[in-house]
There are 2 protein chains.
Amino acid sequence: MNIGEVAQKSGLPAKTIRYYEGIGLIRPLRDTNGYRAFRDRDLHKLTFLARARALGFSMNDCRALLTLYEDTGRASAHVKEIAGAHLHRIDEKVAQLQSLRATLAHLVDACAGDDRPDCPILEDLGGTADQSAG
Amino acid sequence: MNIGEVAQKSGLPAKTIRYYEGIGLIRPLRDTNGYRAFRDRDLHKLTFLARARALGFSMNDCRALLTLYEDTGRASAHVKEIAGAHLHRIDEKVAQLQSLRATLAHLVDACAGDDRPDCPILEDLGGTADQSAG
DNA sequence: CCTTGACCTTCCAGCCACGGGAACCCTTAT
DNA sequence: ATAAGGGTTCCCGTGGCTGGAAGGTCAAGG
């Protein structure tokens, strides 16, 4: 398989596949003409990576997961630890975003949104209502 | 005021303040010795930027908001539009993260997390249970 | 044989919003 | 004179790609 076919099947752009080879995640063979020659195994790994990335795992996590994926003697605890840590980070991110959202929603709600200059949003960002820029 | 004092008062690292000057968000004066000389106005703008960034606004949004902040003849509708769009993006991001979270939580929950190799997480990422790498 | 066009190759630059660190200058205190 | 603690510019690195230039390869058509 050439890179185009693998790109289509894995859903990853060819550029990304080359990048993944560059950072050592896959090692496709080479044809005599210099073209990359992907085996099924490479395609599986790329598909794996595409899904892991879609779940938001970092490249570091992906690398670790891929190693575990290929190690049939792995302990599932190791996998679960990585995924659990990622889950935790997602929870933190969601909490942070929701906190932001609450503040922002409050401000947006308080803003008239008309042609007058008075704006609680800018007042809040500026610190106090008095120092309205200079 | 020198950059250190402004950094402390605004809560922004000196590096970030120099960067903001570099991209044209502030224009501090210069002392004869080459040091940046910040006025109150600069400090207000930096504080404004720090809060806007803390609310997750992009630098583009910050630039626009800062312009509005300094334009005493602005229409609050313009501010509200920017903030509303940002709120919308946050909502989208939260929804996406929660969707990810649900998938991931399901997988983590299904994984025994012991010393055996069987792992629903890897099986899901790999596509099917049969092609357990090669 | 030549061309066209789609495919492939490598390499370099850029993205965002900074952070680290080098190499150097200015000020103040001793 | 020196040391500490400011400040300055400049360049590189981050993550995870993406775009583009410049060129090699292959299959089809005239």
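In this text, all values refer to a predicted model and were calculated from it rather than measured experimentally. All chains are named by letter (A, B, ...) in the order of the sequence lines, taking the proteins before the strands, and each is independently numbered beginning at 1.
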Proximity to the side chain of [X] - top-ranked nucleotide from [options]:
X       : options                : result
B:Ser58 : D:dT8, D:dC17, C:dA17  : C:dA17
A:Arg18 : C:dT10, C:dC18, D:dC17 : C:dT10
A:Asn33 : D:dC26, D:dG16, C:dT9  : D:dC26

Phosphate OP1/OP2 of D:dG16 contacted by A:Thr16 side-chain N/O (<4.0 Å): no
OP1 or OP2 of D:dC17 under 4.0 Å from side-chain N/O of A:Tyr20: yes
For D:dG16, does the base pair up with any side-chain atom of A:Lys15 as donor and acceptor (N or O, under 3.5 Å, distance only)? no
Does B:Tyr35 get its side chain close enough to the base of D:dG6, under 3.5 Å, for a donor-acceptor pair? yes
Please test A:Glu70 against A:Arg27 for salt bridge (Lys or Arg N to Asp or Glu O under 4.0 Å), starting from the C-alpha separation and ending with a verdict. CA-CA 14 Å; A:Glu70 297 213 283; A:Arg27 283 180 217 283; over 6 Å; no
Terminal axes of the helix from C:dC1-D:dG30 to C:dT30-D:dA1 (5 end pairs apiece), angle rounded to 10 degrees, sit apart by 40°
For the student: nearest non-hydrogen atoms of A:Met59 and A:Ile23, plus distance: CE-CD1, 3.8 Å
At under 4.0 Å between heavy atoms, what does [X] touch on the DNA or RNA strands: base, sugar-phosphate, or nothing?
X       : value
A:Arg36 : sugar-phosphate
B:Arg53 : sugar-phosphate
B:Ile3  : sugar-phosphate

Side-chain donor or acceptor of A:Ser10 paired with backbone N/O of A:Leu43 under 3.5 Å: no
Does B:Arg74 reach the main-chain N or O of B:Leu68 with its side chain, forming a donor-acceptor pair under 3.5 Å? yes
Considering heavy-atom distances to DNA chain C, does B:Thr32 or B:Pro13 have its closest nucleotide positioned more toward the 5' end? B:Pro13
Is the number of heavy atoms from other residues, nucleotides or ligands within 6.0 Å of CZ (A:Arg39) greater than 12? yes
5'-most contact on DNA chain D: B:Gly34 or A:Met59, nearest heavy atom basis? B:Gly34
